[in-house]
Amino acid sequence: MRIGYCLALAGLFAAYVGLAAVVPPADDELYYWCWAQTPQLSYFDHPPMTAYMIRASTAVFGDSLVAVRLPAIVTTLAVLVVVGWLAVPRKYVPVLLLTPLFSFGAVIVTPDTPLLLFWSLYVAWLVVVHRKLTPLVGRVESSRPDVAHPSGLEDSTRPTNPVPLWLWALGGLILGCGMLGKYTTGLAVPAGFVSFVLARTNWKTWLPGYALQGVVATVVFLPVIAFNIERDFAPMKFQWNHAMVAKTPGIKPFAEFAGMQILLVGTLPFLLLPIVAWNWRRLAAEPKMRACAAMFAIPFAFFLYKATRGPLEGNWGLACFVSCWPIAADWFDRVAREKPWLKWTTVGTFAIPAACVLLVTAHLVHPLSFFPPQHDRITRQAVKLDLAMKAASDANAHGKMPMYVTNYQWTALMRFAGADARQIDGATRPSHFTTPAQHLTDVDKAYVLNDGPLPPNLTEGFGPPEVIGWYPLEVRGKLMTAMMLMVYTRTEPRGKVSASR
């Protein structure tokens with residue numbers, strides 16, 4: 001990789017650090033920071049790699065927002081290294097910085113962080129393996145001595161195991177670490193398998209090694225399996241029901257998913273999918289294109305299909321785009337450079353995400369008046385963090401007690417602000433904070449932060465709350481809601497409370 005590209009990545013690192021310091025934290029980022037405070041084999045919502053990455057960063061650099069986000073920054077640069085290595089010509093790579101995925105999304109740490117990191121490493125590994133297998137493609141299996149081998153070499157002089165065992169094991173390690181980040185990394189298994197089938201080489205040269213890779217990946221993934229066994233597979237069932245259970249099909253969920261992809265990366269992936277299908281023979285004949293085509297088209301087609309069956313989160317397709325850009329660069333270099341109108345049409349596929357980046361940048365500098373306050377999540381997040389800091393400070397000044405809230409987002413915010421926050425089980429969706437279950441009735445006196453008094457079913461045995469703080473959540477002068485810091489005190493002995501749990 002050229003020195004200029006490396007210097008550009010160094011400058012980009014500095015820009016990302018600055019961006020990480022000014023963009024308000026998302027609720028889920030602080031939720032994963034909470035995971036990192038108590039390392040486990042896995043967690044209710046996702047596997048543990050996100051927490052491990054945050055823990056490693058904050059152990060060195062402290063619990064600042066930049067330290068929490070450092071794994072996302074490093075991952076983005078690693079993805080750009082892989083894309084820069086595979087995408088030829090490389091001059092089109094900077095266009096990616098016009099997309100939210102590689103601008104503001106580059107500093108947001110989520111389970112997509114390890115997914116993108118290890119998916120990109122797996123694509124690079126797959127390309128290396130396919131290049132080692134390439135001399136065997138087109139091999140003629142014949143018992144006739146008068147039939148010459150296409151390469152001019154006798155079978156006896158050709159390697160039967162061109163890929164060493166350690167390289168297959170490395171692929172399993174990368175794959176397993178990816179699955180420790182997010183379950184959807186498992187889609188790399190069928191995609192990789194298809195890429196080897198498309199190589200049309202003797203299955204003996206790759207299938208045993210591919211099986212070894214699967215064994216290594218399974219061993220790496222064993223902690224998550226053990227975690228789920230202990231909990232009757234409740235975490236995996238939660239994710240399965242969340243994503244794979246059939247929902248009411250329709251155009252709306254597909255349009256919403258497709259719209260989110262266009263917003264994040266543009267329309268180019270949708271244009272490339274039929275191009276890959278039409279040119280699959282040519283792509284399959286070249287190691288790099290074969291690996292990238294399989295790792296892009298198969299998962300992306302699967303997500304598009306799932307989007308027709310019901311709502312699908314927009315971030316699910318992110319990993320596919322790592323292997324999309326090398327195909328785009330190849331197609332652009334082969335076709336678009338000969339047709340100026342096609343060149344500008346291709347550049348135009350980034351118009352929507354580029355406009356999104358410009359608008360968000362302007363909004364960070366000065367809130368845009370035409371953007372409704374109720375939809376201004378950037379300003380809202382900053383206000384929520386300030387509110388949480390004030391409420392935690394007031395609670396700590398009033399006296400040390402646990403604080404109960406109704407959802408995992410406010411629980412994470414309050415813990416980051418320094419409060420002993422706990423999520424009330426049964427008030428909203430379950431999370432890492434509700435395993436094991438937490439209830440206000442477990443204690444005799446506690447703080448509650450909520451937008452109003454809790455319903456009676458959550459406060460059995462307690463008297464009316466004492467309000468000690470009121471915190472308006474205003475976004476650019478518009479009142480969204482108001483949070484109340486209350487003290488709940490038990491008025492009836494626990495033995496007299498009807499126990500339904």
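Along the sequence shown, the residues carry numbers beginning at 1.
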Partner set under ring pair (Phe, Tyr, Trp, His ring centres under 6.0 Å) for Phe196, not counting sequence neighbours: His130, Trp168, Trp206, Tyr210
Note, Leu30 side chain near Arg415 side chain (heavy atom, < 4.5 Å): no
Test salt bridge (charged side-chain N to carboxylate O under 4.0 Å, His left out) applied to Lys390 - qualifying residues, sequence neighbours left out: Asp394
Could you give the side-chain donor-acceptor pairs of residues 254-271 under 3.5 Å, partners two or more places apart or in another chain?
residue, atom, partner, partner atom, Å
Gln261, NE2, Phe257, O, 3.2
Gln261, NE2, Gly314, O, 2.7

For a quick test of your reading: what N or O donor-acceptor pairs under 3.5 Å do the side chains of residues 115-123 make, sequence neighbours left out?
residue, atom, partner, partner atom, Å
Trp119, NE1, Ala319, O, 3.2
Ser120, OG, Leu116, O, 3.0
Ser120, OG, Leu117, O, 2.7
Tyr122, OH, Gln213, OE1, 2.6

Partners meeting side chain to side chain contact (heavy atoms under 4.5 Å, CB included) with Thr489 (sequence neighbours left out): Lys445, Val487
Arg231: partners by salt bridge (charged side-chain N to carboxylate O under 4.0 Å, His left out), with sequence neighbours left out: none
Qualifying salt bridge (charged side-chain N to carboxylate O under 4.0 Å, His left out) pairs, either residue in residues 174-195, two or more places apart: Asp112-Lys182
Salt bridge (charged side-chain N to carboxylate O under 4.0 Å, His left out) partners for Asp420, two or more places apart: Arg422
Selection residues 48-70 - residue pairs positive for side-chain hydrogen bond (donor to acceptor under 3.5 Å, both in side chains), sequence neighbours left out: Glu29-Arg69, Trp33-Asp63
Listed once per pair and sorted, the side-chain hydrogen bond (donor to acceptor under 3.5 Å, both in side chains) pairs that draw on residues 19-28, sequence neighbours left out: Asp27-Gln381, Asp27-Lys384, Asp28-Tyr408
Qualifying salt bridge (charged side-chain N to carboxylate O under 4.0 Å, His left out) pairs, either residue in residues 185-199, two or more places apart: none
Partner residues of Phe371 under the ring pair (Phe, Tyr, Trp, His ring centres under 6.0 Å) criterion, sequence neighbours left out: His363
